[in-house]
Amino acid sequence: MPLAILAVGIVILFILIVKCKLNSFLSLIFVAIFMGFALGLSVDAIVPSITKGLGGTLGGLAIVVSFGAMLGKLMADSGGAQRIATTLIDTFGVKNVRWAVCLTGFVVGLALFYEIGFVLLIPLVFTIAAEAKVNLLEVGIPMAASLSSAHAFLPPHPGPTAIAVIFNADLGTTLIYGFLIAVPTVIIAGPLYFNFVKDLRPEIPQGLYNPKIFKDSEMPSFGISVFTALVPVILMAASAIVKMVLDDSYTIYHVLVFLGNPDIALTISVIIAIFTFGLNRGKSMKEVMESVDSAVKTIAMILLVVAGGGVLKQILIDSGLGSYIGTLIQDAALSPLVMGWLIAAVIRIAVGSATVAALTAGGIIAPLIPITGASPELMVLAVGAGSVILSPPSDPGFWLFKEFFGLTVKGTMRTWCALETIIAVAGLIGVMILNTILF
């Protein structure tokens, strides 16, 4: 019955958005309330669950998305994004620009959660697409694929790192195995998969890209532009590394962990950008703040839609659906690696959150590792792969991709949901190949 309720809820959500043209945020809230009642949550529990989902999602993303948009707008309005874009295009060539973005996303994704990396890179994606005069998705899909693959497979990314701790897996070995799997996976799900959806040609959203063509003398240097854009990446990467090599008895540990907090890192980057992309370019503070205000107004509805996805996710979690599904297949006679992948995949489809799916599956599968003798490192990668499959409408990442790229629900399924599924399946195949070769 819970699975049937989940299916009905998703169908209703699609009908409200696609057929009835209801606002995505309203649709998500209405369906979340319906599913809360249908899955047995009490009247007293539904509103707190909605509040927790909304607050938890916005609490984790409001500053990051808002400040990320500010950073992107300042970078675009100053010509910094154009400088980075033209340099990458000149270096790699228009025909290979998707590979340049793929590489950029891979590096950025090592230290950042998917949503944070996405927000940081999206202004650059818009600018490169416009400068190179290519399909927006030719640049956007490789970016998303590389970020998501890092999210699934590569420590020091928080997701794989957390699962590795649960499984007592060696982080260095996990990183090596993850890299071997992630590289071919990104190539397939990103640059190559774009060829199957290139008939879709979404427009760059107004307000998130400055169409002005800057003269060379008007733009900041490539070094300044890249440095300012990568400040949050550098700070968060430093935080991830210090957590791996030091304990909390060192002062530098606490300093870098504080500076590497996404909210603090983005705050620092915006302060730097106000100077490097604004005041240092001869702009007044009033002009700089106009860019900041414009950025926040543009992403207001995007934030609400993403938060709506968080509400639906929280309702599904609080109803116990994730744990229910996990226990259904825990006793199946499967390879432990396939079982770990399958549990994570089913929970991901049910509740939406890749992180919740990975950690829940990790808790379920951890006791079986010493019994079955499975490689803890490969188990980390199997669970990571399963945790990103499909990306249902209860995943805030679904709406992030849809809204920023201006796609329909169908278009989002053909692009974002498909590439996530490719990453999940290719990841499992890679895990099984490594398991056959090494063990």
Worksheet entry | Residue pair Leu154 / Gly178: nearest heavy atoms and the distance that separates them | CD2-C, 3.5 Å

Worksheet item: What's the verdict on side chain to side chain contact (heavy atoms under 4.5 Å, CB included) for Phe30 and Leu22, showing C-alpha distance, side-chain angles and the deciding distance?
Response: CA-CA 11 Å; Phe30 293 159; Leu22 190 66; 3.7 Å; yes

Worksheet item: Does Leu74 offer a backbone N or O that forms a donor-acceptor pair with the side chain of Ser78 under 3.5 Å?
Response: yes

Worksheet entry | Full working for side chain to side chain contact (heavy atoms under 4.5 Å, CB included) between Val231 and Ile268 | CA-CA 8 Å; Val231 163; Ile268 293 171; 4.3 Å; yes

Discussion item. So Phe126 and Val139, do their side chains get closer than 4.5 Å, heavy atoms only?
Written reply: no

Worksheet item: From Met339 CE over to Leu342 CG, what is the distance, rounded to the nearest 0.5 angstrom?
Response: 8.5 Å

Item to complete: Would you give the length of the straight line joining atom CD of Glu131 to atom OG1 of Thr87, rounded to the nearest 0.5 angstrom?
Response: 10.5 Å

Item to complete: First locate atom CG of Asn96, then atom CD1 of Ile89, and finally report the distance between them rounded to the nearest 0.5 Å.
Response: 12.0 Å

Worksheet item: How close do Leu137 and Pro142 get, heavy atom to heavy atom, and via which atoms?
Response: O-CD, 3.7 Å

Discussion item. Under a 3.5 Å threshold, yes or no: a donor from one side chain and an acceptor from the other, between Thr228 and Thr276?
Written reply: yes

Fill in: Spacing of CG belonging to Leu378 relative to CD1 belonging to Ile433, to within rounding of 0.5 Å
11.5 Å

Worksheet entry | SG on Cys102 to CG on Leu147, rounded to 0.5 Å | 9.5 Å

Worksheet item: What residues, two or more places apart in sequence or in another chain, satisfy side-chain hydrogen bond (donor to acceptor under 3.5 Å, both in side chains) together with Trp416?
Response: Ser391

Practice prompt. Apply side-chain hydrogen bond (donor to acceptor under 3.5 Å, both in side chains) to Asn135 and list each qualifying residue two or more places apart in sequence or on a separate chain.
Written response: none

Discussion item. Quick one, Thr185 with Phe153, criterion side chain to side chain contact (heavy atoms under 4.5 Å, CB included). Give me CA distance, side-chain angles, the key distance, then yes/no.
Written reply: CA-CA 10 Å; Thr185 297; Phe153 304 122; 4.2 Å; yes

Item to complete: For residues Ala32 and Val311, report the shortest heavy-atom separation together with the two atoms involved.
Response: CB-CG1, 3.7 Å

Worksheet entry | Flag side-chain contact, heavy atom, 4.5 Å: Phe277 against Asp77 | no

Worksheet entry | Atom pair CG/NZ of Leu200 and Lys410 - distance to nearest 0.5 Å | 9.0 Å

Worksheet entry | Val383 side chain reached by Phe167 side chain, heavy atoms, under 4.5 Å | yes

Practice prompt. Give a yes or no on this: more than 12 heavy atoms of other residues, nucleotides or ligands lie within 6.0 Å of atom CE of Met413.
Written response: no

Worksheet entry | Check: Trp341 side chain, Ala424 main-chain N or O, donor-acceptor pair, under 3.5 Å | yes

Worksheet item: Taking side chain as C-beta onward, heavy atoms only, is Val338 less than 4.5 Å from Met432?
Response: yes

Practice prompt. Could you tell me whether a side-chain N or O of Ser387 sits under 3.5 Å from a main-chain N or O of Gly384, the two making a donor and an acceptor?
Written response: yes

Practice prompt. List the atom of Ala189, the atom of Ile141, and the distance in Å for their closest heavy-atom pair.
Written response: O-CG2, 3.7 Å

Item to complete: May I ask you to decide if Pro392's main-chain N or O and Asp395's side chain share a donor-acceptor pair within less than 3.5 Å?
Response: no

Discussion item. Counting neighbours of NZ on Lys52 that are heavy atoms of other residues, nucleotides or ligands and sit closer than 6.0 Å, is the number greater than 12?
Written reply: no

Worksheet item: So does Phe222 have more than 12 non-hydrogen atoms from other groups sitting under 6.0 Å from CZ?
Response: yes

Worksheet item: With distance as the sole test, does Ser146 use its side chain to make a donor-acceptor pair with the main-chain N or O of Met143 at under 3.5 Å?
Response: yes

Worksheet entry | Under 3.5 Å donor-acceptor, Arg348 side chain and Ala357 backbone | no

Practice prompt. Output yes when a side-chain donor or acceptor of Gln82 lies under 3.5 Å from a complementary backbone atom of Phe214, and no otherwise.
Written response: yes

Discussion item. Within the 4.5 Å heavy-atom criterion, are Phe67 and Ser269 side-chain neighbours or not?
Written reply: no

Worksheet item: Mind checking whether Val125 and Phe404 have side chains closer than 4.5 Å, heavy atoms only?
Response: no

Discussion item. Looking at Thr415 and Gly411, would you say the former's side chain and the latter's main chain have a donor-acceptor pair under 3.5 Å?
Written reply: yes

Practice prompt. Step by step, work out the side chain to side chain contact (heavy atoms under 4.5 Å, CB included) result for Met379 and Ile163.
Written response: CA-CA 9 Å; Met379 187 64 79; Ile163 310 171; over 6 Å; no

Practice prompt. State whether the side chain of Thr86 and the backbone N or O of Arg83 hold a donor-acceptor pair below 3.5 Å, judged by distance alone.
Written response: yes

Worksheet entry | Student check: side-chain heavy atoms of Leu136 and Ile204 closer than 4.5 Å | yes

Worksheet item: Any side-chain heavy-atom pair from Glu420 and Ile423 closer than 4.5 angstrom?
Response: yes

Practice prompt. Kindly give the heavy-atom pair with the smallest separation between Leu121 and Gly105, and that separation in Å.
Written response: CD1-CA, 3.7 Å

Worksheet item: Does the Ser294 side chain pair with the main chain of Ser291, one donor and one acceptor, at a distance under 3.5 Å?
Response: no

Discussion item. Below 30° counts as parallel, above 60° as perpendicular, anything between as tilted: where do the rings of Phe118 and Phe401 land?
Written reply: tilted

Worksheet entry | Nearest heavy atoms of Ile315 and Met35, plus distance in Å | CG2-C, 4.2 Å

